[in-house]
Amino acid sequence: MVRLDELGARRTSADIVFEELYREIVALDLLPGTKMSEVEVARRFGVSRQPVRDAFSRLGNLGYLTVRPQKATEVRKFSTHAIVAARFVRLALELEVVRRCHLRWTPEKSARFDANLRAQADAVANDDRSAFLAHDLGFHLLLCDLADAGHAVDAITVNKAQVDRLCRLSLEPKAGMAELLTDHRRLLHALGAEDPEEAVLAMRDHLGRLDRTVDHARTRYASYFED
């Protein structure tokens, strides 16, 4: 059983259940198609069914659960349509972020990314996909901060999370992560060289790798897709 007091007393029970299930779904601890019930989850967390019902509703609204009244709730399978939509929204947002980063870039600001890139490199060396994806998100949030585009953070995070569990499933060890790290370095080099066109192209190429990831996953893990 998960102890609520160990996870944080200031959050509601629904918040705690939501956050833990969200983490497990994105980390693929709960695979697409996994069935769960309010009763079982409530027993696991030591709460009533109402907080679980609220958490299920929030996860359903985000596209992570399929909630059917009177039937078992299940982790939603991958939707190619939803992934393509998330990629479209994220690309539009991040291209604008890159353009604004170019306008605000100074050589001194490169230091803000150094620790993040070192952490990414360590994750690659250790073949740690979970750590790499966390630092990958951190890199993109640093870009948002540099661009003074905090309003874009939530949208980027949500749309990135929609595909991160797919990346965890199909991202090739080391080689795939190293490729993404190279993209990040290329983008920063373009910003440092005051080359906005190359920076935009680097971001397009970076996010465009998702197409290959989707194709690979659909071939190897067809049962995890709903369309």
Side-chain angles (χ1 to χ4, degrees), residues 18-36 55-56 58-67 72-95 97 116 119-120 123-124 126-141 143-144 152-184 186-187 202-227:
F18 166 80
E19 290 167 12
E20 181 63 14
L21 292 180
Y22 174 91
R23 184 196 65 76
E24 292 176 358
I25 291 170
V26 174
L28 292 180
D29 293 332
L30 293 172
L31 291 169
T34 299
K35 297 184 184 301
M36 59 181 70
F56 278 10
R58 291 168 64 183
L59 289 165
N61 290 337
L62 288 173
Y64 290 115
L65 290 183
T66 299
V67 182
T73 293
E74 67 176 39
V75 178
R76 186 173 177 180
K77 294 184 177 182
F78 296 115
S79 165
T80 303
H81 174 76
I83 291 169
V84 170
R87 177 185 179 279
F88 180 88
V89 172
R90 187 178 168 203
L91 179 61
L93 288 169
E94 297 226 42
L95 290 181
V97 165
N116 177 273
Q120 288 184 48
V124 172
N126 295 325
D127 194 15
D128 188 338
R129 282 178 287 184
S130 293
F132 181 82
L133 288 170
H135 296 309
D136 175 46
L137 174 60
F139 177 85
H140 289 272
L141 297 188
L143 290 174
C144 286
V153 167
D154 286 346
I156 289 174
T157 301
V158 168
N159 282 284
K160 188 175 186 303
Q162 286 287 355
V163 300
D164 267 0
R165 64 182 184 135
L166 181 66
C167 290
R168 288 176 190 270
L169 188 69
S170 59
L171 189 63
E172 292 297 326
K174 289 193 178 181
M177 291 185 287
E179 192 173 53
L180 298 180
L181 174 56
T182 297
D183 289 346
H184 293 158
R186 175 189 172 192
L187 174 58
M203 181 61 80
R204 281 190 180 278
D205 289 346
H206 178 59
L207 297 183
R209 297 190 191 282
L210 178 61
D211 298 335
R212 186 178 65 191
T213 300
V214 173
D215 290 342
H216 172 76
R218 282 185 63 85
T219 299
R220 188 171 182 182
Y221 304 102
S223 64
Y224 290 162
F225 282 77
E226 65 182 22
D227 50 16

Handout entry: Tyr221 and His216 aromatic ring geometry - parallel, tilted or perpendicular at 30°/60° bounds
Key = perpendicular
Practice task
Compare every heavy atom of Leu93 with every heavy atom of Ala152, then report the nearest pair and how far apart it is.
Solution key: CB-CD2, 4.5 Å
Practice task
For side-chain contact (heavy atoms from CB on, under 4.5 Å), just list the numbers for Asp127 and Met177, CA-CA rounded to whole Å, side-chain angles, deciding distance to a tenth of an Å, and then say yes or no.
Solution key: CA-CA 8 Å; Asp127 194 15; Met177 291 185 287; 3.4 Å; yes
Handout entry: Contacts of type side chain to side chain donor-acceptor pair (under 3.5 Å), residue Asp183, not counting sequence neighbours
Key = His206, Arg209
Problem - Side-chain touch Glu226/Pro32, heavy atoms, less than 4.5 angstrom - result: no
Practice task
Determine the minimum heavy-atom distance between Arg76 and Gly63, stating which atoms define it.
Solution key: CD-O, 3.3 Å
Handout entry: Inter-residue atom distance Leu91.CG - Arg204.CZ, 0.5 Å rounding
Key = 5.5 Å
Problem - Steps toward side-chain contact (heavy atoms from CB on, under 4.5 Å) verdict (Asp136, Lys160) - result: CA-CA 10 Å; Asp136 175 46; Lys160 188 175 186 303; 3.0 Å; yes
Problem - Asp29 side chain near Arg23 side chain, heavy-atom distance below 4.5 Å - result: yes
Handout entry: Shortest non-hydrogen contact between Lys77 and Ser223, atoms and distance
Key = NZ-O, 3.1 Å
Handout entry: Spacing of CG belonging to Leu65 relative to CG belonging to Leu21, to within rounding of 0.5 Å
Key = 7.0 Å
Handout entry: Val158 and Val89, any side-chain heavy atoms less than 4.5 Å apart
Key = no
Exercise for the section: Answer whether the closest heavy-atom distance between the side chains of Leu143 and Leu187 falls below 4.5 Å. Expected result: yes
Practice task
Could you tell me the separation between the CG atom of Leu210 and the CG atom of Asp215, rounded to the nearest 0.5 Å?
Solution key: 9.5 Å
Problem - CG on Asp154 to SG on Cys144, rounded to 0.5 Å - result: 10.0 Å
Exercise for the section: State, yes or no, whether a side-chain contact exists between Val75 and Leu31 at a heavy-atom distance under 4.5 Å. Expected result: no
Handout entry: Distance in Å, Thr157 OG1 paired with Leu141 CG, rounded so as to fall on 0.5 Å steps
Key = 5.0 Å
Exercise for the section: Go through the steps for His140 and Met203 under the test side-chain contact (heavy atoms from CB on, under 4.5 Å), then give the verdict. Expected result: CA-CA 11 Å; His140 289 272; Met203 181 61 80; 4.0 Å; yes
Exercise for the section: Would you indicate whether the side-chain heavy atoms of Thr34 and Ile25 approach each other to under 4.5 Å? Expected result: no
Practice task
Could you check if a side-chain atom of Met36 sits within less than 4.5 angstrom of a side-chain atom of Leu30, using non-hydrogen atoms only?
Solution key: yes
Practice task
Check whether any side-chain heavy atom of Leu180 sits under 4.5 Å from a side-chain heavy atom of Gln120, and report yes or no.
Solution key: no
Practice task
For Thr80, check side chain to side chain donor-acceptor pair (under 3.5 Å) against everything at least two apart and list the hits.
Solution key: Arg218, Asp227
Practice task
Can you label the angle between the Tyr64 ring and the Tyr22 ring as parallel, tilted or perpendicular, going by 30° and 60°?
Solution key: perpendicular
Practice task
Answer yes or no: is there an ion pair linking Arg212 with Glu179, defined by an N-O contact shorter than 4.0 Å?
Solution key: yes
Completion exercise
Taken in chain and number order and not counting sequence neighbours, the residues that satisfy side chain to side chain donor-acceptor pair (under 3.5 Å) with Asp205 are Arg186
Handout entry: side-chain contact (heavy atoms from CB on, under 4.5 Å) evaluation trace for Val214 with Val163
Key = CA-CA 9 Å; Val214 173; Val163 300; over 6 Å; no
Exercise for the section: Heavy atoms only: give me the nearest Leu166-Phe225 pair and the separation to one decimal. Expected result: CD1-CZ, 3.9 Å
